[in-house]
2 protein chains.
Amino acid sequence: MSEIPQNEPNVVSTIADKICNKLQNAIVEGIIPAGSKISEPALASEYGISRGPLREALSRLEACYLIERKPNVGARVVTLTREHLVEIYLIRESLEGLAARLAAENMSDKDVNELDALLEEHKHQIVQDQSYYQKEGDMDFHFRIVKGSNNSYLIDMFSNDLYHLIRLYRYQFGMVSKRVPRAFVEHGQIVDAIRQHDGELAQFLMSRHISNSRKNVEKMLDEHLAISD
Amino acid sequence: MSEIPQNEPNVVSTIADKICNKLQNAIVEGIIPAGSKISEPALASEYGISRGPLREALSRLEACYLIERKPNVGARVVTLTREHLVEIYLIRESLEGLAARLAAENMSDKDVNELDALLEEHKHQIVQDQSYYQKEGDMDFHFRIVKGSNNSYLIDMFSNDLYHLIRLYRYQFGMVSKRVPRAFVEHGQIVDAIRQHDGELAQFLMSRHISNSRKNVEKMLDEHLAISD
DNA sequence: AATAAGGAAATTGTCGACAATATAGTCGTA
DNA sequence: TACGACTATATTGTCGACAATTTCCTTATT
């Protein structure tokens, strides 16, 4: 339990593990397009492996909502919809709100200082490259809070399920917004609440932070859809 | 997505599916004891199947937190701890709170009436057999609310992950409490809030309902541990 | 020309065997 | 006797082949 999502290619022993990571990235980046059928023989030969470990990997991709499988028919990459994105945001509001509350109750001063250092780092990066912050930086922050909750199931659900879904939608709907400075401020507020061990406030702020983000995305999607019509 | 947990043995085509269901029940009921090592050859021959579909099933059991696997070492049934049980309850408070809110916003009058009918059913069953209500009946109610949320990820997480964990702990820690009548009243309050489409109230009541349940279980575990010392 | 039935091709599900790794046991030495 | 290295055994990971099912194409009939 409590796997850390491997940004830098971590030491993973088994072929199924490695292929699973590769496929996760391939799906997130759209190399394997959303909605497309997955052919086991084709994929296996493409990666130079047998169907055994590939199927093991597919099984995990299904568990983290990146593909859907039907018995005797096969696997398809999930399709991205506005509705599903909203659903994910709602779950994040709930789950990460809880995470923030628990983090406020559990995190040591040392942990909080590390969080602070991360924010300081982000502050500089924002000036240079907003897009970085919007992608990896934001993720780092949220993941740090979730880890701070010390709830193994929460950590697991976030890093195994939600993490990849968030990346998938960020990557493919990839819209850069003007919310970055505002989001950064909100991050600061959340850290303050955690430092004061004010669980209720941390929960409220985190929930609202993600809710704001959701509303922003919903608005942008509306506009975007309006344009393409 | 959105699998319904199969109480009555549903039509499942593939061997891996069937074996997965059997193993889920075997683990929940303790036929395969908590913490025990799982030998693939032994299990495969016991169920008269090959290791292929068995491994597929194990992969899913890992995804729903019933076993833990280490590469090149093997799988063990998870061990049940007070800490993990509390963690699960905290997540339920959060997630099912959200579910109740969404159910209040989304459920049609017809759905609410069906919920009511379920409660009416439960009212009679309580008189006859409290233990039934505590196990399956309670589960029915909570699952109905989650379905009412209309959030596919929520439905999926509940019926694939949390469902089995809840059953596991209920079965193995299996303690009958005096909370049944109180829990029934709380269920009624939640349905009322949903009927009035009062999302905030439904969320609050559901969260508190599960929180009460958690506190009750914590207390009972303390007493139980005190006895065995 | 459109639809249905039948068969051919391809894909998924399952199996048994082999390779790689970990575990258990044995022997030797301090 | 206790500890460590080495060997043997057992278990997990991977592979290729076969069986079962679906999908696609061809053909025949109305």
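Because only heavy atoms are used, hydrogens play no part in the values below, and waters and symmetry mates are left out as well, while side chains stay in. Throughout, protein chains are lettered first and strands after them, A, B, ... in sequence-line order, and every chain is numbered starting at 1.
Partners of B/S207 by side-chain contact (heavy atoms from CB on, under 4.5 Å), not counting sequence neighbours, listed by chain and number: B/E93. Among residues two or more places apart in sequence or in another chain, the ring pair (Phe, Tyr, Trp, His ring centres under 6.0 Å) test is passed with A/Y169 by A/F173.
Whole-Å rounding puts the B/D17 CG to D/dT21 C1' distance at 15 Å. Between the CG atom of A/L43 and the P atom of C/dA10 there is a distance of 18 Å, rounded to whole Å.
Using a 4.0 Å cut-off between charged nitrogen and carboxylate oxygen, B/D17 and B/R60 count as a salt-bridge pair.
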Base-contact (B) and sugar-phosphate-only (S) positions in nucleotides 11-18 of chain D, heavy-atom cut-off under 4.0 Å, - elsewhere: SBBBB---

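Looking at A/E56, its side chain never comes within 3.5 Å of a backbone N or O of B/S59 through a donor-acceptor pair.
With respect to B/L66, the side chain to side chain contact (heavy atoms under 4.5 Å, CB included) criterion is satisfied by exactly one of B/V77, B/L23, B/L168: B/L168.
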